[in-house]
There are 2 protein chains.
Amino acid sequence: MDDRAKKIGGKEMIGQQMASSLERRSGVSLWRQIADQILQSIAVGDFAENAALPPEVALAERYGVNRHTVRSAIAALVQDGVLRAEQGRGTFVLSRKRLSYPIGARTRFSEGLQGQASERRSVLLEAAVEPASRRVAEGLGLARGSVVIRLETRGEADGQAVSRATGWFDAARFAGIDAAMAETGSVTASFQRFGIGDYLRQSTVLSARHADAADLADLDLQPGAIVLVTVAVNVTPDGQPIQFAETRFPAERVELKLSAL
Amino acid sequence: MDDRAKKIGGKEMIGQQMASSLERRSGVSLWRQIADQILQSIAVGDFAENAALPPEVALAERYGVNRHTVRSAIAALVQDGVLRAEQGRGTFVLSRKRLSYPIGARTRFSEGLQGQASERRSVLLEAAVEPASRRVAEGLGLARGSVVIRLETRGEADGQAVSRATGWFDAARFAGIDAAMAETGSVTASFQRFGIGDYLRQSTVLSARHADAADLADLDLQPGAIVLVTVAVNVTPDGQPIQFAETRFPAERVELKLSAL
DNA sequence: AAAATTTGTCTATTGATATAGACAATTATA
DNA sequence: TATAATTGTCTATATCAATAGACAAATTTT
């Protein structure tokens with residue numbers, strides 16, 4: 001109604017909330033849509049950290065739903081550790097900002113996160129040796145069916161999962177890289193053991209989808225969450241492919257910053 | 001069960017489907033989760049174009065749900081024009097590929113799509129003059145509250161919406177750019193009228209979220225769809241910001257290719 | 001102290017989601 | 001031609017999602 005008055009105010013035309021009606025009978029419940037919008041509002045800065053959300057009745061009116069529906073959305077975000085509700089006082093924003101992941105030709109994953117998280121580490125979940133799929137073989141420039149090493153890793157910042165990667169390496173060239181990864185916890189350090197001091201990100205393809213069951217478990221997400229997916233090929237400075245990797249990032253906790261490369 | 005046999009075959013460890021259980025009481029209905037997974041399987045190449053999907057009973061068994069639930073998922077994808085069901089024969093994959101959007105320091109949106117779509121155009125939906133929000137002012141390096149021109153555009157390829165952009169320009173410097181855009185349908189061509197022959201993409205921040213109501217309408221998406229969001233600043237070669245833009249891409253139809261630049 | 005505000009809990013009702021089973025209609029196969 | 005396989009339609013039932021209203025509990029404001 002009079003929400004339209006804000007249109008020219010220029011406060012936040014983008015975050016949308018504006019004429020934010022919801023879609024019914026869509027397969028996505030209203031409470032989840034509202035939870036997503038609240039998350040988005042927080043990310044965009046509509047609600048500051050430690051600030052109080054509008055009261056439930058106000059939110060219900062804004063979204064055009066029953067108060068209980070708003071409560072379901074809030075309950076999910078409280079469960080997620082995003083909000084804290086206090087009886088009689090209000091509902092408050094806890095954590096706010098998303099980790100900003102720099103992506104560039106030379107960016108290593110553990111770099112560039114300085115100041116954003118105090119503790120940053122990579123956990124090796126699984127290592128396996130297997131024949132290369134067509135996709136992996138093409139990416140690494142190997143013959144179809146060549147033997148490759150697959151490493152499954154999870155990145156954590158301050159104890160929270162922020163990335164989940166699957167990387168493939170030529171088994172002939174990088175035998176034992178799984179042990180190196182387990183020891184050093186870093187791809188860059190592991191490459192150095194194989195005489196590779198520098199490497200570049202040759203190409204990156206980016207997409208997004210709903211998190212599947214494996215992602216939900218590995219990244220500690222709630223069902224319905226979105227993951228950003230990057231598929232990248234890393235090469236030596238002379239253009240030789242050394243790693244093919246698919247990385248999933250929880251969209252609610254991470255944004256990707258494409259630096260001028 | 002014997003699906004695990006595929007694990008070492010290396011067919012598609014990534015697309016997941018593997019131990020793809022679903023999440024119940026998650027706010028996202030099972031039929032939508034299944035529809036998303038089928039879409040993903042198609043995108044990843046598990047189901048080729050024109051190929052038949054496994055029969056409904058097989059899918060129901062694989063996902064551990066009732067046949068009718070699978071039917072709901074298929075019905076949604078048929079509605080979307082992704083699948084075609086034929087009684088007695090089976091269900092078949094119609095369209096497959098996602099448009100691949102190149103993103104680089106010098107990439108213009110209409111460039112680089114050669115061969116992927118025969119008809120490519122940009123439609124100006126709305127133009128407005130308004131005070132700059134904090135976010136926009138910072139991006140353009142203007143004083144808070146400076147007057148800016150906002151352009152709302154939709155990109156189409158072969159008649160299908162593939163992008164939805166909101167761009168801001170300094171009104172003092174680019175007065176009349178709305179008319180130029182309406183006439184030329186191109187940002188690059190419009191800039192040339194203001195004496196700007198070349199410009200660079202200074203920074204790009206990438207995120208993903210569920211499409212909101214406005215996106216659903218503008219991009220012709222089904223509720224629950226995911227959009228990739230880029231927030232970028234374009235600058236002249238000497239570093240002067242000339243455009244601040246947020247673009248939404250439908251994740252089911254578009255992937256972003258970060259070219260090495 | 002009293003009133004107003006805000007979150008928490010409870011009951012009840014309606015519609016969408018999911019399961020279950022049966023059978024029809026269409027097509028492909030033996 | 002008969003059989004099998006596959007999608008389409010129908011009925012019935014249980015659970016989740018959403019609405020509605022009332023009141024309790026805690027906190028802030030008057």
Side-chain angles (χ1 to χ4, degrees), chain A residues 20-38 47 50-94 210 213 222-224, chain B residues 20-38 47 50-94 210 213 222-224:
Chain A
S20 65
S21 49
L22 303 170
E23 300 295 323
R24 291 168 188 260
R25 71 194 70 172
S26 67
V28 182
S29 62
L30 295 182
W31 63 262
R32 176 150 290 283
Q33 293 182 56
I34 292 171
D36 285 342
Q37 293 204 16
I38 292 176
F47 304 135
N50 290 325
L53 246 59
E56 295 169 346
V57 280
L59 287 174
E61 192 180 0
R62 170 185 302 191
Y63 290 114
V65 300
N66 190 275
R67 177 182 156 227
H68 295 292
T69 307
V70 169
R71 282 182 60 75
S72 296
I74 290 176
L77 295 176
V78 167
Q79 181 69 25
D80 271 25
V82 175
L83 299 177
R84 180 186 67 246
E86 293 181 29
Q87 184 169 158
R89 290 189 20 110
T91 305
F92 302 88
V93 178
L94 284 181
H210 283 122
Q222 296 301 111
Chain B
S20 64
S21 50
L22 302 170
E23 303 293 325
R24 292 171 186 257
R25 69 196 69 176
S26 66
V28 182
S29 62
L30 294 182
W31 64 260
R32 177 150 288 284
Q33 293 182 56
I34 292 171
D36 284 343
Q37 293 205 16
I38 291 176
F47 304 134
N50 291 324
L53 246 58
E56 295 169 348
V57 280
L59 287 174
E61 193 180 1
R62 171 186 300 189
Y63 290 113
V65 300
N66 191 275
R67 177 182 157 227
H68 295 293
T69 307
V70 168
R71 282 181 60 75
S72 295
I74 290 176
L77 295 176
V78 167
Q79 181 70 23
D80 271 24
V82 175
L83 300 177
R84 180 186 65 246
E86 294 181 27
Q87 184 169 159
R89 300 199 48 204
T91 304
F92 302 88
V93 177
L94 284 180
H210 283 121
Q222 296 301 114

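Everything numeric in this text was worked out from a predicted model, so none of it was measured. Numbers restart at 1 for each chain; the letters A, B, ... are given by sequence-line order, proteins then strands.
- By the side-chain hydrogen bond (donor to acceptor under 3.5 Å, both in side chains) test, B:Q79 is found to be paired with no residue, residues two or more places apart in sequence or in another chain being considered.
- Of all heavy-atom pairs spanning A:A35 and A:A73, the tightest one is N-CB, 3.7 Å.
- With distances taken from any side-chain atom of A:R71 to the nucleotides D:dA17, C:dT9, D:dT7, the minimum falls on C:dT9.
- Regarding contacts with the backbone of C:dT19, a side-chain N or O of B:T69 is found under 4.0 angstrom from either OP1 or OP2.
- Minimum heavy-atom separation, B:A85 to B:V78: N-CG2, 4.3 Å.
- Taking atom CZ of residue B:R32 and atom P of nucleotide C:dA16, one finds them 16 Å apart after rounding to whole Å.
- Side-chain contact between A:I38 and A:Y63 is present, with heavy atoms from C-beta onward closer than 4.5 Å.
- Atom CH2 in B:W31 sits about 19 Å away from atom P in D:dC16, given to the nearest Å.
- Within the model, atoms OG1 of A:T69 and CG of A:L30 stand 6.5 Å from one another, a figure rounded to the nearest 0.5 Å.
- Residues forming a side-chain contact (heavy atoms from CB on, under 4.5 Å) with B:A58 (at least two apart in sequence, or on another chain): B:P54, B:P55.
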Checklist entry - How does protein reach along nucleotides 20-30 of chain C, written 5' to 3' as B (base within reach of a heavy atom under 4.0 Å), S (only sugar-phosphate), or - (no contact)? => result BBB--BBBS--
Next on the checklist: Go through it in stages, so that I can follow the logic: the residues are A:V93 and A:N50, the test is side chain to side chain contact (heavy atoms under 4.5 Å, CB included), and I'd like the CA-CA distance, side-chain angles, deciding distance and then a yes or no.
Outcome noted: CA-CA 5 Å; A:V93 178; A:N50 290 325; over 6 Å; no
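- Contacts with DNA chain D (heavy atom under 4.0 Å) in residues 52-59 of chain A: none are found.
- Remark on the helix from C:dA1-D:dT30 to C:dA30-D:dT1: inter-end axis angle 20°, axes from five-pair C1' superpositions, rounded to 10°.
- Within the nucleic acid shown, A:T91 comes within 4.0 Å of sugar-phosphate atoms alone, with no base atom in reach, counting heavy atoms only.
- Interatomic distance, A:L77 CG to A:S72 OG, rounded to the nearest 0.5 Å: 11.0 Å.
- Between B:I74 atom CD1 and D:dT6 atom P the separation is 12 Å, expressed in whole Å.
- The distance from atom CZ of A:R84 to atom P of D:dT27 is 13 Å, rounded to the nearest whole Å.
- Between B:Q33 atom CD and C:dA18 atom C1' the separation is 13 Å, expressed in whole Å.
- Sequence neighbours left out, the pairs with a member in residues 63-77 of chain A that pass salt bridge (charged side-chain N to carboxylate O under 4.0 Å, His left out) are A:E56-A:R67, A:E56-A:R71.
- Between the CZ atom in B:R84 and the CG atom in B:L53 there is a gap of 12.0 Å [rounded to 0.5 Å].
- For B:E86, the CD atom sits in a packed shell: over 12 heavy atoms of surrounding residues, nucleotides or ligands are nearer than 6.0 Å.
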